[in-house]
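All values below come from the heavy atoms of this structure, side chains included, with hydrogens, waters and symmetry mates left out.
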4 protein chains.
Amino acid sequence: MRADARRNRDRIVAAAKAWFATHGPEAPTEDIARSAGVAPGTLYRHFADREALIRAVAINNFDHAIAEATAAVSEEASAWDALVRILRQSQELRLSFRLLTAYPHMHAVLKKERDAEQARKHMVDLLDRVVRRAQAEGTLRTDVGTGDVAVMFALLSHPVTIDPSATAQLASERCMALLLESLRAGEQHDQLPGQAIWPEQITEDRDRR
Amino acid sequence: MRADARRNRDRIVAAAKAWFATHGPEAPTEDIARSAGVAPGTLYRHFADREALIRAVAINNFDHAIAEATAAVSEEASAWDALVRILRQSQELRLSFRLLTAYPHMHAVLKKERDAEQARKHMVDLLDRVVRRAQAEGTLRTDVGTGDVAVMFALLSHPVTIDPSATAQLASERCMALLLESLRAGEQHDQLPGQAIWPEQITEDRDRR
Amino acid sequence: MRADARRNRDRIVAAAKAWFATHGPEAPTEDIARSAGVAPGTLYRHFADREALIRAVAINNFDHAIAEATAAVSEEASAWDALVRILRQSQELRLSFRLLTAYPHMHAVLKKERDAEQARKHMVDLLDRVVRRAQAEGTLRTDVGTGDVAVMFALLSHPVTIDPSATAQLASERCMALLLESLRAGEQHDQLPGQAIWPEQITEDRDRR
Amino acid sequence: MRADARRNRDRIVAAAKAWFATHGPEAPTEDIARSAGVAPGTLYRHFADREALIRAVAINNFDHAIAEATAAVSEEASAWDALVRILRQSQELRLSFRLLTAYPHMHAVLKKERDAEQARKHMVDLLDRVVRRAQAEGTLRTDVGTGDVAVMFALLSHPVTIDPSATAQLASERCMALLLESLRAGEQHDQLPGQAIWPEQITEDRDRR
DNA sequence: TATGAATGAGCGTTCATTCAT
DNA sequence: CATGAATGAACGCTCATTCAT
């Protein structure tokens, strides 16, 4: 791949990432191309269609999120601290989850490309390890599973649309803080409905419309 | 209003509600009309444009949500129980919040019709009263405001897109349970970032820009 | 025909006349119905379609124009004075000509109803008589025909769209005055191109698309 | 601009010009696009909306009309001869005036683009100069203004809808000849109503209503 | 390979006309 | 008969994707 082509591809992915983060995965391809400083034709030379672009953004995102999570795990003293840091601070992870929950087809879209599916799995596995380790060390309540944590995080990754935006930002952080508080191991926990949700409970076959 | 017209209007609102709930407020009017069993022209006879339809759905929703919340308040022994019931069980309230947070224009859209704006305000006021009463009775922690509760609820009202759907449903309920747990007044609370968010902190002027 | 039906019919024709005069013969039927104080269904009970309504308005108009022209002929001292009065003052005749020239299909539309066609013919015949008499009395130049006069008048019946409207009105009157001046018999006339145009030169078959 | 794009743009303008000339400025864009041999999207790539297309046609027209009028002025011996040639022969000027008087919004539409407004002004100024010069040389009666001439011409630019079309064409020419005759300076002129109308009397603010 | 023009299906909306009440 | 609701074809315009330059 020529150097300029490589550079264009990267700029398109970066532009798409920005648009997806602010306007969701239905953002106009034309706007994305313009932001990337290329013509629409160039975008489509690199990505067969919108879904391919989404996959590329997702892979990029998952990879960054994995890197951030890995750093958290290795740098924090406990699994709990790592978990808190990951959930609270990782913008990349936030976007990853937004993408994953942005529209129902997402899993089907990802599965069309081995790399995308692997990156997703890798990310989930990493989260799973942190969750289990935190439970093992006694800091995370044991009646929740990685699936619970993932769902919580996915939901909290939606943009909060209130004014002023500083309040929106704060609201989101407070919400996260509350949730984390409820996740911490403690004496008197309510009985949660059902059983803990683990990755295995989540079928990724979402294509039956 | 003639009986058949009334019936069609209701069917259109119902169809729109279903589409908005599953596909967001940009769902094709054509599909909505077809679901309602009417021609596109009929939809537009009843609603001047998409925004008018959104407002009608919102009013319908807010009204139902208010009714459910009112019932909860009058039937439950404590404000806390009422709050739990409202947040956990009201599907209408859930959709209401989804609509409200679906896109940033929503407030501007609602403000164009007095009824819509009033219904929204009425709903928020009701929630506000329950929140304050629960705090007064000592069951709800006092470092959160109605705005915090509303944001949390709005976020949790997003659809969870995992398979199987029974798991998605469960995940959502568990998430809500965790949040409620963290809201309950107790001994050792973490320090939340910032100050409690109350309705007053939320500017409803979203039309600038 | 019941009295109320008759009244509705008349009001619809009157409303249509007003709309056609100000907005041309494509004015929305809905607006016409509303102006007439009836529902659209009522309009269509009386007139099969837009063309039928146009014919009704045309007949009404032609009849009034004929009456005004007849009065002019009988009251004015000379054919010339009658002609001037007809062309200058008859609002009905003005609208008649506007309708006739508003869209190319008009003749075809009129021909579908004997009455409409007859009224038109009657009106043209009357104008023809006045023209010939004015020429006989030596007040109208003899190198113009009734067709010339009709065309002139039709053209001058178009609305003048300039601001302020008083100026538009004046401009129209001045234009008419100029044209009348050029029609008066006098010494030194320019040679007009072609031959005088008489009603016989005008084929009324306009339906070949 | 690429050669093919330029060609398409020109074809669209030409097609629109033809449709506007025959069916007025509300002619379906779809038909215009088809006539130009392009898809609807192409039309909208070149012109943001119908009004932009109207302006493009108008500019094209005004420019051609100005060129023809300029040629007439420089080639004819007197201002009078130039005026006669302009009014009689310029098909472009004829369409220009038809557009200008086609609907009341036209001035507002033109004013949205500097070029369009300038071209219009340029055209009017040119006519104004010829009119004043003809009056100075004693060939044009002095109780008419450029506004009178413009209105007359606008009115005469409407299509004459009679059959056969050769007769329509002739009728139009004869009408113009009569008007020109009445414009020539001479001994015994009738008193025209009101005062001469000059461009200054014509407010170009047509947007209040 | 990049460009940016062209395509054309799709959606929102209008309105002449029909039809159930 | 009148009403006014329903119909559905038509039109303006958008945008994902393809293709000529």
Rounded at 0.5 Å granularity, tell me how far NE2 in C:His64 sits from CD1 in C:Ile59. 13.0 Å
Taking only side-chain nitrogens and oxygens of B:Thr42, does any of them come within less than 4.0 Å of OP1 or OP2 of F:dT7? yes
Tell me: CZ of C:Phe47 to P of F:dA2, nearest whole Å? 11 Å
Could you give the CD-to-P distance, from B:Glu30 to E:dA9, as a whole number of Å? 14 Å
By ring-ring contact (aromatic ring centres under 6.0 Å, His included), which residues pair with C:His158, not counting sequence neighbours? D:His158
By nearest atom, which of the nucleotides F:dC11, E:dA5, F:dA16 is closest to the D:Ala5 side chain? E:dA5
Whole-Å distance separating the CG atom of D:Leu53 from the P atom of F:dC11: 16 Å
Is it true that B:Asn61 and B:Ser96 share a donor-acceptor pair across their side chains at a distance under 3.5 Å? yes
Pairs under 3.5 angstrom, nitrogen or oxygen only, protein versus nucleotides 18-21 of chain F, please.
none

Could you identify which residues of residues 13-29 of chain A place a heavy atom less than 4.0 Å from some atom of DNA chain F, listed by residue number, or say none? A:Pro28, A:Thr29
Can you tell me how far CZ of B:Arg9 sits from CZ of B:Arg2, rounded to the nearest 0.5 angstrom? 16.0 Å
Please state how far atom CG in D:Asp10 lies from atom P in E:dA6, giving the value in whole angstrom units. 11 Å
Worked check of salt bridge (Lys or Arg N to Asp or Glu O under 4.0 Å) between B:Asp31 and B:Arg34: CA-CA 5 Å; B:Asp31 292 346; B:Arg34 196 176 15 259; 2.8 Å; yes
Below 4.0 Å: OP1/OP2 of F:dC1 and any side-chain N or O of C:Asn8: no
Among residues two or more places apart or on two chains, list those pairs meeting ring-ring contact (aromatic ring centres under 6.0 Å, His included) that have a residue in residues 4-24 of chain C. C:Trp19-C:His23
Quick one: list whatever passes salt bridge (charged side-chain N to carboxylate O under 4.0 Å, His left out) with C:Arg45, sequence neighbours left out. none
E:dT14 C1' sits how many Å from C:Arg50 CZ, rounded? 13 Å
When rounded to the nearest 0.5 angstrom, what is the spacing between CD1 in A:Ile12 and OG1 in A:Thr29? 11.0 Å
Here's a test of your reading of the structure: between A:Gly37 and C:Glu51, which maps to the more 5' nucleotide of DNA chain E? A:Gly37
Any side-chain N or O of C:His46 less than 4.0 Å from the OP1 or OP2 oxygen of F:dC1? no
Flag side-chain contact, heavy atom, 4.5 Å: D:Arg120 against D:Met106: no
Nearest whole Å is fine: how far is F:dA16 P from A:Arg34 CZ? 11 Å
In Å, rounded to the nearest 0.5 Å, how long is the span from CZ of A:Arg55 to CD of A:Glu51? 6.0 Å
Rounded to whole angstrom units, what separation is found between the CD1 atom of B:Ile32 and the C1' atom of E:dT13? 14 Å
CA sep, side-chain torsions, deciding dist, call: C:Phe47, C:Val13, side-chain contact (heavy atoms from CB on, under 4.5 Å): CA-CA 10 Å; C:Phe47 306 99; C:Val13 170; 3.7 Å; yes
A:Leu110 side, atom CG; A:Leu99 side, atom CG - distance, nearest 0.5 Å: 8.5 Å
Go nucleotide by nucleotide along DNA chain F from the 5' end; which of C:Leu43 and D:Asp49 gets its closest nucleotide reached first? C:Leu43
Any stem touching DNA chain F, meaning at least three consecutive Watson-Crick or G-U pairs under 3.5 Å, ordered by first number, would be E:2-21 with F:2-21
